[in-house]
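By convention in this document, chain letters (A, B, ...) are assigned in the order of the sequence lines, proteins followed by strands, and residues within each chain are numbered from 1.
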Protein chains: 2
Amino acid sequence: MASRAKATIFDIAREAGVSKSTVSLVLQGSGLIRPETAVKVRKAIEDVGYVYNRGAANLRKAHSNVIGMVINDLTNPFFAELAVGMERVFQSAGIVPFIANTAENPVRQEEVLKSLMEQGVAGLIVSPARGTTPGAFRRLEMAGVPVVFAMRRLPESRIPVITPDNHRGAYLAAAHLIGKGHRRLAFFGGSADLVVYQERLGGFREACETLGIAARDITVIEGETSRRGGIACLDTALATSEPPTAALCFNDAVAFGVMLALRKRGLEPGPDFAVVGFDDVVEAEHYMPALTSVSVDTAGLGERAAHVMLKMIQSRTTRAEDHIGAVNLVIRESCGPDRRARNRPAGMGDAA
Amino acid sequence: MASRAKATIFDIAREAGVSKSTVSLVLQGSGLIRPETAVKVRKAIEDVGYVYNRGAANLRKAHSNVIGMVINDLTNPFFAELAVGMERVFQSAGIVPFIANTAENPVRQEEVLKSLMEQGVAGLIVSPARGTTPGAFRRLEMAGVPVVFAMRRLPESRIPVITPDNHRGAYLAAAHLIGKGHRRLAFFGGSADLVVYQERLGGFREACETLGIAARDITVIEGETSRRGGIACLDTALATSEPPTAALCFNDAVAFGVMLALRKRGLEPGPDFAVVGFDDVVEAEHYMPALTSVSVDTAGLGERAAHVMLKMIQSRTTRAEDHIGAVNLVIRESCGPDRRARNRPAGMGDAA
DNA sequence: GCCTATAAATGGAACGTTCCAATAAATCAA
DNA sequence: TTGATTTATTGGAACGTTCCATTTATAGGC
């Protein structure tokens, strides 16, 4: 059953009684071959258990059909959603994207990028790891491989970027909090070496300024972009003399952490302390209480990035327009104080 | 700046004043070349902006160094954790694994598998999609590509499998519930076409039988393996005349859904209805209430799978031992009734 | 029937590596 | 010096495709 040495187009040719060139033509679906010949060849392909060798083909062909997705943190469901969006469009283009995880590690990222290049990728969609050096993508540029950044960007770089409107999202969220009557606000999580962070914090600050919140009433605490980071942020914030009463979190993971920490202290997220997240991952809606968050249409951005990529490959360019995706604030229960009647524990309360 | 046509070893050879063979040797880190020559060549490599063409190399070399991970649902954090475990060991072997998502779709899986084969993968770690036909991996076998299944398996197949001890995990969980005094038990989520489902349900049933729960007191409800599925399961279960008081869920996602649905009805997960999950994803610990779950050491299983894969490649075999990973029940708050003092809402309760 | 136009199939070179066998250079024993 | 041995380096063939320029078969026009 198991075929000996792997079959090549020559084996097919022999089997079908044609030349290797004919087989190649059939493989490429050329209209030049007679239908009955094609049928014969296809049968032979099946019979010998042939598997196409794309590496060999790429040696002659101009471009491969491999597209890489380089993602900084696969365990964040946010990036999985992004990946899913991209896959939707690549699939309909007959392309199988390969995903590689850099685990937020620039060194690892370097390896991944190198490996992908050696593989001869046609293009790369990248959410760069924290601490990526400006030169990390120079080789790609030199080789003329199209690259687009998704969700994150590098400080000064000419690589096209697909991101949500971080500034506006943060502005909306902060304005909402202020509108609810909060006067002492915090921004939790993230770190200043990320451009996204600058943008989100910028929007937050602008809202505060415009709507009359004094700078000394603003608490900014950097931290890990994870649940753990959120817990830490809340703890240090509440330790101050005049603690904030509401926080915008760098992302939903941080917000979940904050809510958890509130509960641990016996405080109820929403009524006792307002929290707003960013990204609106699917869990946000299902959390308890449901998290108010800035929705960024993750999958949509993924699709967009994929389309841009496809277009770049097609027109063999390495440039493209940036795309700033629309955002909107999804208001749920985690930001008081228009307190809905909270369900009392262990009772047959009215179904929500 | 951008180099013209991509550089080859010939360009390097010319630049360094040596032969292409010498360059090749240097590239492979051969000890045969004189150190100063190697230095010269390496400088030339840098100067011409060379990128290694692995496709061309694989044409002559026996084996590639690409390993594929085919995953059925990337948005389930469980699989992301699995992937992370694998990456750890591949990284230290100098291998960059490529991840591809099948989105639980056998057709998509077929495409992914085909693409990976064409790419000349050295091996594949696969968590097969639901509804995978037995023949789906025949081509791989014919081509002699090592494959290992992780987490899931196919009904009858000789491909080695790395899974947790599903039977035992479910047994432990059910026994715990029964020990707590529950007499009417449910098994929520999953579907019978999955071998894992059979195993988990089997363990559950065995515990019930052994510990004296009558068959008519057992409710089994199949459903999506997602939050949504969990919600649906609870709703139909509570609609029966004698509803269960506790449930073992097919996985944590289902359990989260169940808890959510309980809350929606004003019931408190734990005191009012016990729920136990399976997989123990990181969120389980951080949920509210924290979820009791069967811990399977996901990352550890990923590492194990990667090691097995490496060994198979090295010894060029397509066979290996199955590996059944140890499990243990992590008891948290979601399974009453030894009710800890639940925190009352909106008060300064004692910190947990 | 012969010449031309079209359709179908083919051989050969090229792609960028690796690996083997062979050469060239350096070292050593006599 | 000569030959043997070791150490470095090299040319050529091969890997499995694609693509171009040809060749061969088929059909059409007269």
Colleague: Name all residues meeting the salt bridge (charged side-chain N to carboxylate O under 4.0 Å, His left out) criterion together with B:Arg14; count only those two or more places apart in sequence or in a different chain, and write none if there are none.
Modeller: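 So B:Arg14 forms a salt bridge (charged side-chain N to carboxylate O under 4.0 Å, His left out) with B:Asp11.
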
Colleague: May I ask you to say what A:Thr8 touches in the nucleic acid, namely base, sugar-phosphate or nothing, with a heavy-atom cut-off under 4.0 Å?
Modeller: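 Sugar-phosphate: the residue A:Thr8, judged by heavy atoms under 4.0 Å, touches backbone atoms but no base.
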
Colleague: Touch check for A:Ile9, heavy atoms < 4.0 angstrom, all strands: base, sugar-phosphate only, or nothing?
Modeller: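 Answer is base: heavy atoms of A:Ile9 come under 4.0 Å of a base.
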
Colleague: Can you find a donor-acceptor pair, distance only, under 3.5 Å between B:Ser21 side chain and D:dG11 base?
Modeller: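 Between D:dG11 and B:Ser21, which were checked side chain against base, a qualifying N/O pair under 3.5 Å is present.
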
Colleague: Identify whether any heavy atom of B:Leu27 sits under 4.0 Å from a base atom; if not, whether one sits that close to sugar-phosphate; answer base, sugar-phosphate or nothing.
Modeller: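 B:Leu27: no heavy atom of the nucleic acid under 4.0 Å.
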
Colleague: Rounded to whole Å, how long is the line connecting atom CG of B:Leu25 with atom P of D:dA8?
Modeller: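 Value for this atom pair: 11 Å.
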
Colleague: Distance only, no hydrogens: is a donor on one side chain within 3.5 Å (strictly under) of an acceptor on the other, for B:Ser19 and B:Thr22?
Modeller: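 Side chains of B:Ser19 and B:Thr22: pair found under 3.5 Å.
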
Colleague: On DNA chain D, check which nucleotide each of B:Arg60 and B:Val18 is closest to and give me the residue with the more 5' one.
Modeller: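 Counting from the 5' end, the first nearest nucleotide belongs to B:Val18.
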
Colleague: When rounded to the nearest 0.5 angstrom, what is the spacing between CG in A:Leu154 and CG in A:Leu194?
Modeller: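 These two atoms lie 9.5 Å from each other.
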
Colleague: Does a donor on one side chain and an acceptor on the other come within less than 3.5 Å for B:Ser115 and B:Glu111?
Modeller: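 Judged by distance alone, the side chains do not pair up.
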
Colleague: Output the distance between atom CZ (A:Arg139) and atom NZ (A:Lys114), rounded to the nearest 0.5 Å.
Modeller: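 Reported to 0.5 Å precision, the distance equals 8.5 Å.
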
Colleague: I'd like the 5' and 3' limits of the part of DNA chain C contacted by chain A, with heavy-atom contacts below 4.0 Å.
Modeller: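 For DNA chain C, the relevant span reads C:dA8 to C:dG16.
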
Colleague: With rounding to the nearest 0.5 Å, note down the distance linking NZ in B:Lys40 to CD1 in B:Ile33.
Modeller: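 Separation between the atoms: 11.0 Å.
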
Colleague: How long is the span from the CZ atom in B:Arg152 to the OG1 atom in B:Thr132, to the nearest 0.5 Å?
Modeller: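 Between atom CZ of B:Arg152 and atom OG1 of B:Thr132 there are 8.0 Å.
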
Colleague: Students often get this wrong, so: under 4.0 angstrom with heavy atoms, is B:Phe10 touching a base, only sugar-phosphate, or nothing?
Modeller: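 Contact class for B:Phe10: base.
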
Colleague: Decide side chain to side chain contact (heavy atoms under 4.5 Å, CB included) for A:Leu113 and A:Leu124; before the verdict, give the C-alpha distance in whole Å, the side-chain angles of both, and the deciding distance to 0.1 Å.
Modeller: CA-CA 9 Å; A:Leu113 255 22; A:Leu124 245 32; 4.1 Å; yes

Colleague: Rounded to whole Å, please give me the gap between CG in B:Leu32 and C1' in D:dT6.
Modeller: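 Taking atom C1' of D:dT6 as the reference, CG of B:Leu32 is at 12 Å.
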
Colleague: Would you work out how much the helix from C:dG1-D:dC30 to C:dA30-D:dT1 bends between its ends, with each end axis defined by five base pairs, to 10 degrees?
Modeller: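 The two end axes of the helix from C:dG1-D:dC30 to C:dA30-D:dT1 meet at 50°.
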
Colleague: Check step by step if side chain to side chain contact (heavy atoms under 4.5 Å, CB included) holds for B:Phe137 and B:Ser157.
Modeller: CA-CA 9 Å; B:Phe137 292 89; B:Ser157 143; over 6 Å; no

